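Quick notes on the structure that follows.
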Amino acid sequence: FPVAPEKEKEDMQFAKKYLENFYDFKEEKTLFKAKDLNQMSDKIREMQSFFGLEVNGELNPKTLDMMKQPRCGTPDVRS
Amino acid sequence: YSAFPHRPTWRKEDVTYRILNYTPDMLQADVEEAIARAFQVWSSVTPLRFTRLYGGQADIMISFAAGFHGDFYSFDGPGGTLAHAYPPGGGIGGDAHFDEDENWTKFTTYSGYNLFLVAAHELGHSLGLSHSNVFGALMYPIYMARDTRNFQLHQDDIDGIQALYGPPRESPALPTKAFPPQEPTEMAPAETPTEMSPREEPTEGTPSKPHQRPDDCDPHLSFDAITTLRGETLFFKDSYVWRKSPYFSDIEHDTIFSFWPSLIAGFDAAYEVDNKDRVLFFKDNQYWAVSGYSIESGFPKPIQNLGFPTSVRKIDAAVHDQNTKRTYFFVGNKYWSFNENTQSMERGYPRKIAADFQGISHPVDAALQKNGYFYFFHGSNQYEVDIKKKKLIRIMKSNSWFNC
């Protein structure tokens, strides 16, 4: 079924927090929404590659499900 | 596997840890056991040794906390992040934090998170490992419930930690040559008493594989430690224990793990204080006390608690004299006498072993008191001594107790 808009927003927030915690994603407070989404897609690709998921930069159910697994709080990637 | 940027590691082999607080989800003794076992996972594949401190600053400080707990990584309530740890270094370096909002357990059910598994992972970070993307590796970032009874590190974890610290040191015991499989031999007749033969030198030939299950009647068999326990006699070697019972004719052969899962294998010494139903196990500079299957809380403790000087890093053997209530500790060619009633070392020690134990003039691997005599084990021989008469009575093969 299509994801309800508020659920989609919620998932996006969750994913952003996850990527900040574990993949060194830094959301830039820029006006250019597109740039932000591209950077986030890059980080999603990095996370998908780490866990052996299909690497497409999309926040699909499998990727979200992996993000919601109980895990260690130490980052997977760090600067 | 991966390391942290700049590969931080501990620049020493003796690393200390301290448990700062406990989760109300588990018995303190179970928390201590889980943490001790988690350290053993890493000490068994590296030269590292871990000593628990009970005060002051330790290298690795272990604590339970919820939400914001003083560092930049607040916990997030139940689920999600379970714990985190910092790479080796000063201050917060090496510390491991566990989210108190989780349900911690010593089991591997799905009603909570197994503290041993999570702690073993976090301590990997405390030693310098970052995450692995190998599914099934301990350092994989996502929690996976699994059977912890015979827990084995994934090869990826071993490769990772040994890239930082190398493999364990050769075991202090002399490597023994491999033996072709042979029929159990007739027990060698008791030799005429002579001085202990000098410690056998390792001979050529491929060393036996470490921790291969030794053959009960191998004439070259030697032991790490021997103790009585509630009327039985236990013989320890590497991760194995032979159990000789007055109630059964045959010898039971088990793994130490099957009796005490959280105890480190490869003891140096062990002895029983029969009137306290207590057995003490020694490894390196620490000791544990057990009563039957249960490990007393608050262990391991440093052997200095018994009165050893810091120069003593490990003991070779120990035996309790049920008549005098003294325990004799053997280190090199000397021995100490410990008064179990006053719980203190006796004055005038250490003394030379040869001065008081006739014919025993080399290091002792293990010691036992049985039927009024003392038995001192050195390599594949044991020396039966009557200490009242200060007389060496006979020499036998170490495994003469196994009715080979």
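Residue numbering restarts at 1 for every chain, and letters A, B, ... go by the order of the sequence lines. Fair warning: this is a prediction, and the values are worked out from it, not measured in the lab.
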*Let me know if A:Y18 has heavy atoms under 4.5 Å from chain B in its side chain, its backbone, both or neither.*
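Answer is neither: A:Y18 stays 4.5 Å or more from chain B.
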Decide whether [X] and [Y] meet the rule of one side-chain donor and one side-chain acceptor closer than 3.5 Å.
X      : Y      : value
B:Y86  : B:D71  : yes
B:N133 : B:H131 : no
B:D159 : B:H154 : no

*asked:* With salt bridge (charged side-chain N to carboxylate O under 4.0 Å, His left out) as the rule and sequence neighbours excluded, what pairs involving residues 78-105 of chain B come up?
replied: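 Every candidate salt bridge (charged side-chain N to carboxylate O under 4.0 Å, His left out) pair involving residues 78-105 of chain B fails, so no pair, neighbours aside, qualifies.
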*For residues 115-141 of chain B, which residue pairs qualify under salt bridge (charged side-chain N to carboxylate O under 4.0 Å, His left out), counting only residues two or more places apart or in two chains?*
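Residue pairs with at least one partner in residues 115-141 of chain B: there are none.
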*Look at B:E32 together with B:R52 and state whether they make a salt bridge at an N to O cut-off of under 4.0 Å.*
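Yes, charged N to carboxylate O under 4.0 Å.
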*Are any of the side-chain nitrogens in A:K26 or A:D24 under 4.0 Å away from the carboxylate oxygens of its partner?*
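Between A:D24 and A:K26 there is a salt bridge, with a charged N closer than 4.0 Å to a carboxylate O.
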_Which atom of B:Q162 lies closest to which atom of B:P168, heavy atoms considered_ =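 Nearest pair, atom of B:Q162 first, then B:P168: NE2-CD, 3.8 Å.
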*If you count heavy-atom pairs under 4.5 Å between each of B:H97, B:H84, B:M144 and chain A, which one has the most?*
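Of the options given, most contacts go to B:H84.
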*Sorted by number, residues from residues 46-68 of chain A in contact with chain B (heavy atoms, under 4.5 Å)*: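 Those residues of residues 46-68 of chain A which have a heavy atom under 4.5 Å from chain B are A:F50, A:F51, A:M66.
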*Sub-3.5 Å donor-acceptor pair from the side chain of B:D76 to the main-chain atoms of B:T81, do we have one?*
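Judged by distance alone, yes, a pair lies under 3.5 Å.
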*Has the side chain of B:W42 got a donor or acceptor atom that lies under 3.5 Å from a matching backbone atom of B:A120?*
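Present.
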*Name, in order of residue number, those residues of residues 12-26 of chain B that have a heavy atom at a distance of less than 4.5 Å from a heavy atom in chain A; otherwise write 'none'.*
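Counting heavy atoms that sit under 4.5 Å from chain A, no residue of residues 12-26 of chain B is involved.
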*Which answer fits B:S132, side chain, backbone, both or neither, if we ask what part of it has an atom under 4.5 Å from a heavy atom of chain A?*
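Looking at B:S132, just its backbone touches chain A.
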*Sort B:F75 into side chain, backbone, both or neither according to what part of it lies under 4.5 angstrom from a heavy atom of chain A.*
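Contact with chain A is absent: no heavy atom of B:F75 under 4.5 Å.
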_Test log, rule salt bridge (Lys or Arg N to Asp or Glu O under 4.0 Å), inputs A:R71 and A:D76_ = CA-CA 11 Å; A:R71 59 159 288 156; A:D76 297 338; 2.7 Å; yes
